[in-house]
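No experiment lies behind these values; they were computed from the predicted model shown. Residue numbers start from 1 in every chain, and the chains themselves are labelled A, B, ... in the order their sequence lines are given, proteins ahead of strands.
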2 protein chains.
Amino acid sequence: MTRIRPTPGEWEILQALWKLGPATVRAVHEEIGAGHYNTTLKLMQILAEKGLVVRDEEARAHVYKAAVGREALQGDAVEDVLERVFGGSAAELMQRALERRKLKKRELEELRRMIDSFEGKKS
Amino acid sequence: MTRIRPTPGEWEILQALWKLGPATVRAVHEEIGAGHYNTTLKLMQILAEKGLVVRDEEARAHVYKAAVGREALQGDAVEDVLERVFGGSAAELMQRALERRKLKKRELEELRRMIDSFEGKKS
DNA sequence: TGTAAACTACGAAGAGTTTCGTTGACAGCT
DNA sequence: AGCTGTCAACGAAACTCTTCGTAGTTTACA
């Protein structure tokens with residue numbers, strides 16, 4: 001099972017596609033709002049080659065859509081950063097995240113619920 | 001304030017240096033336990049150029065030590081992954097981390113304490 | 001003194017990523 | 001038909017990262 005590891009440019013495309021749903025290069029490019037149109041096109045073609053997006057070529061303006069789930073790819077990205085940066089310690093990762101980003105009260109409570117449920121499975 | 005973004009190879013060196021303290025190329029290379037000696041050397045020279053490590057050239061075998069704090073770099077790495085992968089949502093990042101890695105009971109409790117203290121600062 | 005081992009230094013090769021110029025096809029309009 | 005704008009496709013160029021071959025220096029020691 002090889003881990004999927006999009007490049008930064010590819011992440012930007014994928015985020016746009018997850019947000020927009022199936023979309024043309026033009027639409028994705030405008031959602032991103034920066035860089036050259038051809039760069040967006042090229043990256044989307046590369047993503048199609050890699051199978052991370054699928055392309056409907058019916059219309060002249062091809063319609064792309066993400067072929068991978070957002071959560072799954074995020075999970076892979078977390079694995080990467082855990083291994084490379086945190087030596088596998090998820091607790092340390094979360095500590096840094098808490099230090100850097102203030103979470104909304106609602107988010108903190110939801111997080112606590114998640115921890116509760118995980119702790120329930122252990123003991 | 002430019003964010004420090006070591007490459008994967010550089011992270012490996014830095015992790016070894018944080019673990020060993022000031023060390024020679026040889027020591028770091030053996031700690032890593034893989035790859036070509038010259039690759040380790042080259043990466044450490046690059047790190048020195050970038051200022052992420054400092055080099056004591058007194059002895060023939062130069063002694064390198066990390067010039068940046070582990071926690072600070074981890075924080076930068078978290079910022080990166082938050083922006084690129086999670087659209088800034090630390091809650092989502094932590095959710096993925098919890099799904100992927102089982103934390104020890106002690107870690108879960110420590111995490112809960114951290115959440116408590118952060119929540120205390122709000123409302 | 002001669003030789004082997006350990007070390008730094010240099011640079012080139014190869015892969016991967018991103019950017020963008022150019023080309024050719026197609027569609028709409030006058 | 002001719003003009004204009006939009007599109008996909010291709011490939012070159014620049015850049016980064018990693019690997020490793022080669023060279024030259026220093027140290028240890030017989």
*Determine: side-chain N/O of B:Arg26 to OP1/OP2 of C:dC7, distance under 4.0 Å, yes or no.*
yes
*asked:* Can you tell me whether the side chain of B:Asn38 and the base of D:dT22 have a donor-acceptor pair closer than 3.5 Å?
replied: yes
*Across the strands shown, which category fits A:Thr7 at heavy-atom distances under 4.0 angstrom: base, sugar-phosphate, nothing?*
sugar-phosphate
*asked:* Classify B:Arg55 by what it touches in the nucleic acid, base, sugar-phosphate, or nothing, heavy-atom distance under 4.0 Å.
replied: sugar-phosphate
_Reading DNA chain C from 5' onward, which residue's closest nucleotide shows up sooner: B:Val25 or A:Arg5?_
B:Val25
*Rounded to the Å, how far apart are B:His36 NE2 and C:dT8 C1'?*
14 Å
*Would you find a donor on one side and an acceptor on the other, under 3.5 Å apart, between the side chain of B:Gln15 and the backbone of A:Val85?*
yes
*When the distance from NZ of B:Lys42 to P of C:dA13 is rounded to whole Å, what number comes out?*
14 Å
*What is the distance, rounded to the nearest whole Å, between atom CG of B:Leu43 and atom P of C:dT8?*
14 Å
*Is it true that A:Arg3 and A:Glu83 have a side-chain N and a carboxylate O under 4.0 angstrom from each other?*
yes
*Under 4.0 Å between any heavy atoms, over every strand shown, what does B:Tyr37 touch: base, sugar-phosphate, or nothing? Just pick one.*
base
*Take atom NE2 of B:His29 and atom P of D:dC20, then tell me their distance rounded to the nearest Å.*
10 Å
*Under 4.0 Å: is that the gap between some side-chain N or O of A:Gln45 and OP1 or OP2 of D:dA8?*
no
*Residues B:Arg84, A:Glu12: salt bridge by 4.0 Å N-O rule*: no
_Whether the side chain of A:Arg60 and the base of C:dA27 hold a donor-acceptor pair under 3.5 Å is what I'd like checked._
no
*asked:* Quick check on C:dG16: is either OP1 or OP2 less than 4.0 Å from any side-chain nitrogen or oxygen of A:Lys50?
replied: no
*Considering just the side-chain nitrogens and oxygens of A:Thr24, establish if one lies under 4.0 Å of OP1 or OP2 belonging to D:dC7.*
no
*Give me the one residue out of B:Thr7, B:Leu17, B:Ile13, B:Val54 that meets side chain to side chain contact (heavy atoms under 4.5 Å, CB included) with B:Leu47.*
B:Ile13
*Rounded to the Å, how far apart are A:Leu41 CG and C:dT23 P?*
17 Å
_Length of the CD-P vector between B:Glu49 and D:dT16, whole Å_ = 12 Å
*Rounded to the Å, how far apart are A:Met44 CE and C:dT18 P?*
15 Å
*Expressed in angstrom and rounded to an integer, what is the separation of B:Leu47 atom CG from D:dC17 atom C1'?*
12 Å
*What salt bridge (Lys or Arg N to Asp or Glu O under 4.0 Å) pairs are there with at least one residue in residues 34-49 of chain B, not counting sequence neighbours?*
none
